[in-house]
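Both counts, for ligands and for their atoms, begin at 1 and track the order of listing.
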Amino acid sequence: MFEVTGLKVNYGAIQAVRGVDFNVQDGEIVTLIGSNGAGKSTIVKTISGLLRPSAGNIVYDNRGLTHLSASRIVGAGIAQVPEGRHVFAGLSTMENLKMGAYLVPRNEQQDVLDNVFDQFPVLKERRNQDAATLSGGEQQMLAMGRALMARPKLLLLDEPSMGLAPIYIQKIFDMIKTINSQGTTVLLIEQNALQALQIANRGYVIASGNVKLSGTGQDLLADPAVQKAYLGG
Ligand code: ATP
C-alpha cells in the first residue's frame with residue numbers, strides 16, 4: 001500500500017500543499033482531480049523526490065520515501081510520467097525508452113522493451129524517429145512507455161490527457177486501464193475529471209492544497225458539488 005499523511009509542501013512563502021492525506025491500495029487506480037493550481041503537480045513531484053515536503057510522510061510498502069533521492073524512489077518501484085511528457089529531443093524513440101530502464105539489468109532490458117512495444121505498437125513503428133518529431137499523443141505514449149521501462153509497481157501519471165486531441169485522450173485512458181489490468185497500480189492526476197473518475201476505483205478532490213472530498217469514482221461522479229465544479233454540470 002502507498003500512503004501519504006499530513007503532507008505539506010511550500011515554495012518559499014507559498015503553501016502549495018497544506019496537509020494532504022490519501023492512500024492507494026495495491027491494484028487500484030486512484031485519481032487526484034482539481035483545477036489549475038490546486039496543488040496536484042506539487043504532490044506528484046514530492047512523491048517522486050523532486051521536491052521536499054516541509055511536513056508529512058510518504059510511505060510505500062512500509063518503507064518511508066520522504067527523504068529518498070528520486071533515483072531511489074524509482075528503485076522502490078515508483079515511476080512518474082511528468083506533466084508535459086518531457087521526452088528527450090535529439091534522441092530516438094528507442095533511446096528515450098532505454099533511458100527509462102537504467103535500473104533494469106542489461107540482460108533483462110530487451111524483454112521489458114518488447115513488452116512496451118506490445119503495449120504501444122506505434123512506438124515500435126517509430127523507434128528510430130527523433131522523439132521531438134512525434135505527435136503529442138505519440139509523445140505521451142512514449143513518456144508512458146519510458147516510465148514502464150522501469151517496471152514500476154506504482155505508476156504516477158501527471159495530466160496525461162493534457163493538450164491532446166480527443167481521439168488520443170480516449171486512447172490514453174484506455175491504455176491506463178490496460179496497464180492497470182496487467183498489474184500496475186496507478187495514481188492518476190487529471191483535470192479531465194470525467195474520464196479520470198470513470199476509470200478510477202477511487203478519487204480525491206484537491207482544492208487550494210487540501211483534500212476537499214474523497215470517495216469511489218462512481219460516488220464522486222454522482223456528487224452534485226463535483227458535478228458543478230469539475231464536470232461542467
Ligand atoms: P496545474 O494542473 O495547473 O499544474 P496543479 O494542481 O498541479 O495545477 P501545482 O502546479 O501543484 O497545481 O501548483 C500549486 C500552487 O503552487 C499554485 O498556486 C502554483 O502557483 C504554486 N507553484 C507551483 N510551482 C511553483 C514554483 N516553482 N514556485 C512558486 N509557486 C509555485
Side-chain angles (χ1 to χ4, degrees), residues 2-24 29-58 60 65-70 73 78-87 136-137 139-140 142-144 146-147 154-166 168-170 172-173 176 186-200 202-215 217 220-221 223 225-232:
F2 175 80
E3 187 162 38
V4 169
T5 46
L7 189 72
K8 296 185 182 175
V9 191
N10 302 328
Y11 296 103
I14 299 169
Q15 295 180 298
V17 176
R18 298 161 180 256
V20 159
D21 299 321
F22 67 92
N23 63 68
V24 187
I29 299 178
V30 169
T31 186
L32 307 184
I33 60 168
S35 29
N36 266 325
K40 306 178 303 295
S41 291
T42 303
I43 294 170
V44 180
K45 286 179 192 155
T46 309
I47 295 169
S48 46
L50 303 175
L51 292 173
R52 292 288 166 211
S54 59
N57 283 306
I58 303 169
Y60 186 49
L65 304 183
T66 323
H67 300 288
L68 294 187
S69 66
I73 290 168
I78 299 179
Q80 184 198 359
V81 182
E83 181 176 332
R85 356 246 189 249
H86 295 284
V87 300
Q139 288 191 9
Q140 183 60 47
L142 176 54
M144 288 166 71
R146 185 181 55 193
L154 172 64
L155 185 65
L156 310 178
L157 291 152
D158 193 355
E159 306 268 9
S161 77
M162 190 163 66
L164 297 185
Y168 271 122
I169 294 182
Q170 194 50 53
I172 294 295
F173 281 104
I176 295 169
V186 173
L187 177 62
L188 169 63
I189 280 57
E190 262 297 338
Q191 279 191 49
N192 191 333
L194 177 63
Q195 270 165 308
L197 290 172
Q198 280 172 343
I199 66 162
R202 292 185 301 115
Y204 294 83
V205 177
I206 311 289
S208 308
N210 290 297
V211 172
K212 281 280 145 61
L213 272 174
S214 63
L220 291 173
L221 280 171
D223 187 299
V226 173
Q227 290 180 354
K228 184 157 180 275
Y230 305 103
L231 301 174

**Student:** Is the closest N or O pair between Ala38 and ligand 1 shorter than 3.5 Å?
**Tutor:**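 Such a contact does occur with ligand 1.
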**Student:** Checking Tyr204 now: which residues fulfil ring pair (Phe, Tyr, Trp, His ring centres under 6.0 Å) with it, not counting sequence neighbours?
**Tutor:**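 Partners of Tyr204 by the ring pair (Phe, Tyr, Trp, His ring centres under 6.0 Å) criterion, ordered by chain and then number, come out as Phe22.
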**Student:** Strictly distance-based, threshold 3.5 Å: is any side-chain N or O of Thr5 a donor or acceptor partner for the main-chain N or O of Asp21?
**Tutor:**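 Pair absent, no side-chain N/O of Thr5 close to backbone of Asp21.
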**Student:** Take Leu188 and Leu32 through the side chain to side chain contact (heavy atoms under 4.5 Å, CB included) test and state the conclusion after the steps.
**Tutor:** CA-CA 6 Å; Leu188 169 63; Leu32 307 184; over 6 Å; no
**Student:** Among all protein heavy atoms, pick the one closest to atom 26 (C) of ligand 1 and tell me residue, atom and distance.
**Tutor:**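 The protein heavy atom lying closest is Tyr11 CD2, 3.4 Å.
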**Student:** Check the side chains of Tyr168 and Ser161 for a donor-acceptor pair under 3.5 angstrom, ignoring hydrogens and angles.
**Tutor:**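 The criterion, which ignores hydrogens and geometry beyond distance, is not satisfied for Tyr168 and Ser161.
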**Student:** What atoms of ligand 1 come closer than 4.0 angstrom to any heavy atom of Glu159?
**Tutor:**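 Taking each heavy atom of Glu159 in turn, ligand 1 has 2 (O) under 4.0 Å.
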**Student:** Measure from the side-chain N and O atoms of Thr31 to the backbone N and O of Ile189, and report whether any donor-acceptor pair falls under 3.5 Å.
**Tutor:**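 No.
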**Student:** Would you please name every residue forming a side chain to side chain donor-acceptor pair (under 3.5 Å) with Asn210, sequence neighbours left out?
**Tutor:**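 So Asn210 forms no side chain to side chain donor-acceptor pair (under 3.5 Å) with any residue.
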**Student:** Of the listed options (Ala13, Ser41, Gly37, Gly84), which comes nearest to atom 14 (C) of ligand 1 when hydrogens are ignored and any heavy atom counts?
**Tutor:**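 Residue with the shortest heavy-atom distance to the ligand atom: Gly37.
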**Student:** Taking atom types as modelled, find out whether Gln191 and Asn36 have a side-chain donor-acceptor pair closer than 3.5 angstrom.
**Tutor:**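 A pair is found: one side chain offers a donor N or O, the other an acceptor, under 3.5 Å apart.
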**Student:** Just which atoms of ligand 1 are under 4.0 Å from any heavy atom in Lys40?
**Tutor:**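 Heavy-atom distances to Lys40 below 4.0 Å select 2 (O), 5 (P), 6 (O), 7 (O), 8 (O), 11 (O), 12 (O).
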**Student:** For Met144, does its backbone N or O pair with a side-chain atom of Arg85 as donor and acceptor, under 3.5 Å?
**Tutor:**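 Judged by distance alone, no pair lies under 3.5 Å.
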**Student:** Below 4.0 Å from any atom of ligand 1, is there a heavy atom belonging to Gly39?
**Tutor:**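 Under 4.0 Å: yes for Gly39.
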**Student:** Just jot down the ligand 1 atoms closer than 4.0 angstrom to any heavy atom of Thr42, in number order.
**Tutor:**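 Every atom of ligand 1 under 4.0 Å from some heavy atom of Thr42: 9 (P), 11 (O), 13 (O), 14 (C).
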**Student:** What do you think, any protein heavy atom under 4.0 angstrom from atom 20 (O) of ligand 1?
**Tutor:**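 Protein heavy atom within 4.0 Å of atom 20 (O) of ligand 1: absent.
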**Student:** Taking a cutoff of less than 4.0 Å between a non-hydrogen atom of the residue and any ligand atom, is Met162 in contact with ligand 1?
**Tutor:**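 No heavy atom of Met162 comes that close to ligand 1.
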**Student:** Is there a heavy atom of Lys45 sitting under 4.0 angstrom from any atom of ligand 1?
**Tutor:**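 False for this residue.
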**Student:** For Gly209, is the nearest heavy atom under 4.0 Å from an atom of ligand 1?
**Tutor:**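 For ligand 1, residue contact (heavy atoms, under 4.0 Å) with Gly209 is absent.
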**Student:** Which atoms of ligand 1 are found less than 4.0 Å from any heavy atom of Ser35?
**Tutor:**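 Near Ser35, meaning under 4.0 Å from one of its heavy atoms, ligand 1 has 6 (O).
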**Student:** Without swapping roles, check the side chain of Glu3 against the backbone of Tyr60 for a donor-acceptor pair under 3.5 Å.
**Tutor:**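 A pair under 3.5 Å: no.
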**Student:** Among all protein heavy atoms, pick out the one at the shortest distance from atom 3 (O) of ligand 1; state its residue, atom name and that distance to 0.1 Å.
**Tutor:**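 That would be Asn36 OD1, 2.6 Å.
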